[in-house]
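The sequence lines fix the lettering, A, B, ..., with proteins before strands; numbering per chain opens at 1.
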Amino acid sequence: MADSGTRTVTSPSMSQPTTQPAMQEKYNHIAIEKAAQQHWETTAAFKAVEDATRPKYYCLSMFPYPSGKLHMGHVRNYTIGDVLTRFHKMRGYNVMQPMGWDAFGLPAENAAIANKVPPAKWTYDNIEYMKGQLKSLGFAIDWSRELATCKPDYYKWNQWLFLRMLEKGIAYKKTQVVNWDPVDQTVLANEQVIDGRGWRTGAVVEKREIPGYYLGITQYAEELLGDLDTLDNWPERVKLMQANWIGKSTGVRFAFPHEIKDEAGALINDGKLWVFTTRADTIMGVTFCAVAAEHPLATHAAKNKPELATFIEKCKHGSVMEADMATMEKEGMPTGLFVTHPLTGESVEVWVGNYVLMTYGDGAVMAVPSHDERDFAFAKKYKLPIKQVIKQGEATFSTDAWQEWYGTKEGICVNSGKYDGMDYTAAIDAISADLKAKNLGDKKLQWRLRDWGISRQRYWGCPIPIIHCDCCGSVPVPDEQLPVVLPEDCVPDGAGNPLNRRPDFLNVPCPKCGKPARRETDTMDTFVDSSWYYARFATPGNDKAMVDERADYWMPVDQYIGGIEHAILHLLYSRFWSKVMRDMGLVSYREPFSRLLTQGMVLNHLFSRRSDKTGIEWFAPEEVHLSKDEAGRVTGATAVRDGNPVDYGGFGTMSKSKRNGVDPNAMIEQYGADTARFFMMFTAPPEQTLEWSDAGIEGSNRFLKRVWTFGYTYATQIKPQLPAASTLASAKLPENLATLRREIHLLLKQANYDLGKQQFNTVASATMKMLNALEKAPRNSAQAAEVVSEGFAILLRVLSPITPHITHALWAELGYGADILQATWPEPLEAALVQDEIELVLQVLGKTRGSVKVPATADKAAIEALAIASETAQKFMDGKPAKKVIVVPGRLVNIVV
RNA sequence: GCCGGGAUGGCGGAAUCGGUAGACGCAGCGGAUUCAAAAUCCGCCGCCGAAAGGUGUGAGGGUUCGAGUCCCUCUCCCGGCACCA
């Protein structure tokens, strides 16, 4: 830390400001905020310049998607970042806080469909408006580093790195499964599929397999998992979620041999049905196998079984989302094909199951109904045999209903021949060894993590730099032709990618053979854009390189702040991208974000109405009337527009698409940016989910008014009494002033502690407590004036990161200094904290009965004696002798009788 | 369904290592000021009880001199689940 606890609290300058206009008596947030923002602008106060002589502090908040207006989640996120930025600046760090725009994405296309405006125009208009909103909040942002991911000078480097990944085999092409809308003839995002139907057309969505580009994030699985241990300043829960997502597990991959042949007479898959299991210890309990609808065995069997073909078709209409797969009704159908159990030689029937995914493992699973809950349910439904092979203690096994212990790994094998009596580990070792001996399988490391499909069949994204040539195939765009620029004047209409109707974009000579060829029209997943923007902020303006030596100075990000909803995908992709850049020699860090603060979501009521034709329609909270029960809970709602009921969906994240965001503008206009910022910080700790309510905003505003009024009182009544030179260090204070001073320094100590914990709500309340104390302070002596003056100087500085405008004005106005940003952060003084006598809580038999005052120097025996002798103790001890006395130093005494 | 998190007065929340539950604020109530109101200031404010006291941190159990905090079981709510960002 640049600032140790040895620093003394600075006293205000004693000199009177020269010819200043008289201080305003009333708090005028409009004038104050305008003046402060102007001051920062003219002094370029937040311009960040590399400086090797000072410790750097790169503070980054997740950049916003320019959806139109800021909402309260943004205000919360960016205020947290700003508080940390300003706090560190005052502690002597060389700080950088940039801002930019995650500017590609689906909402711009949705807006285009609705309003017939090109996504580019809509996006740039939104950026303009939201930038104004951010400025009005007074954030300490270095705007000279601003970037937007939809600009070619940014996304050029997405394309450039993608081509490097292709060269290294990290990027590759394979088929992917997508949601297909048969009416609009377009690919739908999961968000655009509602109850299995397209959001615009209402048509039943189909699964389709199309080619796409993937990034081999699984090649980095081991490192992404291992390096989580180096992230000491990340929340444990985020690391845990990432580790679970990566999902390293050891299991056994093995094959059921078979003789099934296709029409040409060749063995399908070389006569082996491969499966993966983490429960090889239950292999002797296999009673059937299940394969995915797309599995070659399923395809083969369906040729002679129309009802199976129908079932497979139905499976292909199902959702591709994991949550849907897990919760849907499990269904299956027998193929009539049989494979051989590799250890018992028994015949095992193959079923098609709608819950088996072709994209995971080998697209097939062994089924052990006795020890897997899903298989159990499936076997019960289709009356398949259930064979117990694990026993736990004396518990009896019954096939009537699933019992929790059936699934446990703690137990021993039974009905398993030579494996009987073995525990989980021993059984797996023995079974995998036997399978290996038969050349039918082995232990295998399995990852849950899948490679990252980045192709999107959408217009408003970064073009994938590939050219398709009839002769040469898929040809990478040569570096000197980068960037492949996306035309900005297209207006998507919902029916496919409009790039396919743009000959000027499509038609291009093949870079290899020069013959007419066609550009790839798929664009990149927007997670690509956000996977490295933090590094680009450190390299503004360089059109020759993706990053330069300035990134070496600023990276890694010292403090990253963003919503907990990004705990897995965005953060994992960013970590992956960093490691790829490192392996290409572009950067030297292993991990991009040293410290992470995951902000809780800001929630608001959700209202919707559903219809078969138009899909789902969302209502903003101001567009409905609420009905509530006696406890104040919302029971229902009607639309203001037509008086008809709308569905109440409880609380959910504020989002543009669900129309439940709250625009901070009204709040800022009425109360000012400082009030909005203070309220956001005061109302809840940063990591906590927040159900939005503006009840209480007036209290925050009232507090700032009181701060201002106290400043006025200070200027007119207290400051004139200050002695020429400070006496605080030498003179003994009367008890009431010593108490006041101790209280302020104690509050400062707590505030500094809480800032370290990033718990800003209690920092805010500490400043309120300081003001309460200062307002009650005596004002009738030079010494009192000194104590108050010191206390107010502490209050203003502690408050300044939260409410920078009002504290900027008061600091200068009251003559504490020219610019509070240049002031040093206050530290509590030990001398102010000492006290002669302390009060301990007095308990008898663990129940609090009162308190007892003891000298601060009293030892344990003295405290015991004083406590037992006290009137309160005597009353509740009821004449019995003390059996045991527990003394917690500085806290309490508990007498056990 | 799986993974992660949460639940404390009428409301937002506080309680740093297991040590006075409800700090600070909102709302409410009473008072001062005012012709009146707004604004401001002062006081009260978990629940039961006249008081003494009892009781109380989503529900139920446990450990401990002492549990909001630790352990077990459960309920509800929020986030993520790979094409929302």
Pairing partner (Watson-Crick or G-U wobble, both distances under 3.5 angstrom) of B/G53: B/C48

Considering only residues two or more places apart or on different chains, which pairs with a residue in residues 211-221 of chain A satisfy side-chain hydrogen bond (donor to acceptor under 3.5 Å, both in side chains)? A/Thr218-A/Asp451, A/Tyr220-A/Asp583

Can you find a side chain N or O atom of A/Asn244 that sits less than 4.0 Å from OP1 or OP2 on B/C2? no

Closest listed nucleotide, where the reference is the side chain of A/Asn772 and the choices are B/C65, B/G25, B/A82: B/G25

Determine which nucleotide pairs with B/A7, using a 3.5 Å limit on both distances of a Watson-Crick or G-U wobble pair. B/U75

Quick check on RNA chain B: between A/Asp525 and A/Ile697, whose nearest nucleotide comes earlier from the 5' end? A/Ile697

Any ion pair linking A/Lys769 and A/Glu743 (charged N to carboxylate O, less than 4.0 Å)? no

Considering every strand and a 4.0 Å limit on heavy-atom distances, what is the contact class for A/Asp754: base, sugar-phosphate, or nothing? nothing

How would you label the contact of A/Ile886 with the nucleic acid (heavy atoms, under 4.0 Å): base, sugar-phosphate, or nothing? base

Within the structure, does a side-chain N or O atom of A/Gln843 lie under 4.0 Å from either OP1 or OP2 of B/U20? no

If only side-chain N and O atoms count, and only distance matters, is there a donor-acceptor pair under 3.5 Å linking A/Asn894 with A/Arg849? no

Sequence-aligned protein contact record of nucleotides 37-59 of chain B, with B where the base is within under 4.0 Å of a protein heavy atom and S where only the sugar-phosphate is: ---SS-----------SSS----

NA contact type, A/Ala323, heavy-atom cut-off 4.0 Å: base, sugar-phosphate, or nothing? base

Given atom CE of A/Met768 and atom C1' of B/C24, what is their separation to the nearest angstrom? 7 Å

Separation between the P atoms of B/C72 and B/C77, rounded to whole Å: 23 Å

The side chain of A/Met241 lies closest to which of these nucleotides: B/C24, B/C3, B/U16? B/C3

In whole Å, what separates the P atom of B/C24 from that of B/C45? 12 Å

Any strand counts, and the cut-off is 3.5 Å on both contacts for Watson-Crick or G-U wobble. Which nucleotide pairs with B/C41? B/G31

Counterpart residues, ring pair (Phe, Tyr, Trp, His ring centres under 6.0 Å), relative to A/Tyr154 (two or more places apart): A/Trp532

Could you state the interatomic distance from CD (A/Glu329) to NZ (A/Lys381), rounded to the nearest 0.5 Å? 3.5 Å

Which part of the nucleic acid does A/Phe651 contact within heavy-atom distance under 4.0 Å: base, sugar-phosphate only, or nothing? sugar-phosphate

Taking B/U8 as the reference, what is the distance to B/U69 when you measure between their P atoms (whole Å, please)? 14 Å

With the threshold set at 4.0 Å, does a side-chain nitrogen-carboxylate oxygen contact exist between A/Lys658 and A/Glu191? no

Using distance alone, with no hydrogens and no angle criterion, decide if A/Asp181 and A/Thr201 have a side-chain donor and acceptor under 3.5 Å apart. yes

